[in-house]
Asker: 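Quick one: structure below, then a few questions.
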Amino acid sequence: NEPVDITRVMLMCLIHDVVEIDAGDTYAYDEEGKKTQKAREEAAKERIYSLLPEDQKEELAAIFDEFEESKTSESKFAHAMDNLQPLMLNNSNDGGDWREHGVSAKQVYARQNKTKDGSLELFEVIDEILQKHIRLGNLK
């Protein structure tokens, strides 16, 4: 929706994913896991980035926090990309994960709401994909 520094967006996605890997990635529709997600990610961020010199720790932690706050054009677009990737995987496996976990269209749309903030064009593509999976019965 706005001009972005795509290099910063990519860095933000990578910095965020490193923390998620260490914390244990929480499945998007796991309500129990979400209860502890923030605390696990904060602990992982502190552990990982504390291995670095102080200036690098501060810089990378700030990039992670920028992603989490989702206020800048880069962080909004990074969220859009972060939400797009698992949706594309579900689309490529014919909605298998959604069916397996009994995920509803309402749940997926709720998760994709941040995508609109980063890119209305991407949200339109996502909407087409979701409508297809609703018609196919892959999303309740």
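All heavy atoms count here, side chains included; hydrogens, waters and symmetry mates do not.
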Asker: Drop me the distance from M88's CE to N93's CG, to the nearest 0.5 angstrom.
Answerer: 12.5 Å
Asker: Within the structure provided, determine whether E59 and D55 are in side-chain contact (heavy-atom separation under 4.5 Å).
Answerer: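 Side-chain contact under 4.5 Å: no.
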Asker: Kindly write out the residues that satisfy side chain to side chain contact (heavy atoms under 4.5 Å, CB included) with E54, not counting sequence neighbours, or none if the list is empty.
Answerer: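 Result, side chain to side chain contact (heavy atoms under 4.5 Å, CB included) vs E54: K57, E58.
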Asker: If you measure from CD on E46 to CG on D22, what distance do you get to the nearest 0.5 Å?
Answerer: 12.0 Å
Asker: Can a donor-acceptor pair be found, under 3.5 Å and without considering hydrogens, that links the side chain of R99 to the backbone of D94?
Answerer: yes
Asker: Can you list every ring pair (Phe, Tyr, Trp, His ring centres under 6.0 Å) pair that touches residues 33-58, not counting sequence neighbours?
Answerer: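 Counting only pairs at least two positions apart or across chains, no ring pair (Phe, Tyr, Trp, His ring centres under 6.0 Å) contact touches residues 33-58.
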Asker: Please answer whether the main-chain N or O of G102 pairs with a side-chain N or O of K140 as donor and acceptor at a distance below 3.5 Å.
Answerer: yes
Asker: If we ignore hydrogens and angles and just use 3.5 Å, is the side chain of N91 paired with the main-chain N or O of I129 as donor and acceptor?
Answerer: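 Side chain of N91 to backbone of I129: no pair is present.
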Asker: Output all residues satisfying side chain to side chain contact (heavy atoms under 4.5 Å, CB included) with E2, sequence neighbours left out; order by chain, then residue number.
Answerer: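 Partners of E2 under the side chain to side chain contact (heavy atoms under 4.5 Å, CB included) test: S73, K76.
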Asker: If only atom types and distance count, is the side chain of R111 paired as donor or acceptor with the main-chain N or O of N83 below 3.5 Å?
Answerer: no
Asker: Step by step, would you call D117 with H79 a side chain to side chain contact (heavy atoms under 4.5 Å, CB included)?
Answerer: CA-CA 9 Å; D117 296 338; H79 269 284; over 6 Å; no
Asker: Hey, are the side chains of I6 and F77 touching, using non-hydrogen atoms and a 4.5 Å cut-off?
Answerer: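 A side-chain contact exists here, since the closest heavy-atom pair is under 4.5 Å.
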Asker: Looking only at atom types and distance, does a side-chain atom of E74 sit under 3.5 Å from a main-chain N or O of D5, one as donor and one as acceptor?
Answerer: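 Indeed, once roles are kept as given, a pair shorter than 3.5 Å links the two residues.
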Asker: With a cut-off of 6.0 Å (strictly less than), are more than 12 heavy atoms of other residues, nucleotides or ligands near CD of Q56?
Answerer: yes
Asker: Walk me through it: do L60 and I63 pass the test side chain to side chain contact (heavy atoms under 4.5 Å, CB included)?
Answerer: CA-CA 5 Å; L60 296 181; I63 292 169; 4.3 Å; yes
Asker: Give the intermediate values and the outcome of side chain to side chain contact (heavy atoms under 4.5 Å, CB included) for residues E41 and E68.
Answerer: CA-CA 11 Å; E41 288 182 358; E68 287 295 303; 3.9 Å; yes
Asker: Taking side chain as C-beta onward, heavy atoms only, is V103 less than 4.5 Å from D97?
Answerer: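 Side-chain contact under 4.5 Å: no.
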Asker: Do the side chains of I15 and M12 get nearer than 4.5 Å, heavy atoms only?
Answerer: no
Asker: Which pairs, with at least one residue in residues 1-25 and sequence neighbours excluded, count as a ring pair (Phe, Tyr, Trp, His ring centres under 6.0 Å)?
Answerer: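 Sorted pair list: H16-F64, H16-F67.
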Asker: List the steps, then state whether salt bridge (Lys or Arg N to Asp or Glu O under 4.0 Å) holds for R8 with E66.
Answerer: CA-CA 11 Å; R8 185 159 181 84; E66 181 182 345; 2.4 Å; yes
Asker: Going by the rule salt bridge (charged side-chain N to carboxylate O under 4.0 Å, His left out), which residues pair with K38 if we only count those two or more places apart in sequence or in a different chain?
Answerer: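 Expected list: E42.
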Asker: Do K106 and L139 have side chains that get closer than 4.5 Å, going by heavy atoms?
Answerer: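 Of all side-chain heavy-atom pairs linking L139 with K106, none is under 4.5 Å.
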Asker: Determine, for K114 against D82, whether the closest basic-nitrogen to carboxylate-oxygen distance falls under 4.0 angstrom.
Answerer: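 Between D82 and K114 there is no salt bridge, as every charged N stays at least 4.0 Å from the carboxylate O atoms.
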Asker: Got a sec, which pairs hit ring pair (Phe, Tyr, Trp, His ring centres under 6.0 Å) with one end in residues 107-140, sequence neighbours left out?
Answerer: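 Sorted result for residues 107-140: W98-H133.
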Asker: Could you go through the side chain to side chain contact (heavy atoms under 4.5 Å, CB included) check for D65 and K45 one step at a time?
Answerer: CA-CA 10 Å; D65 293 341; K45 177 182 78 171; 2.6 Å; yes
Asker: Are K132 and N138 linked by a side-chain donor-acceptor pair shorter than 3.5 Å?
Answerer: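 No, no side-chain donor-acceptor pair sits under 3.5 Å.
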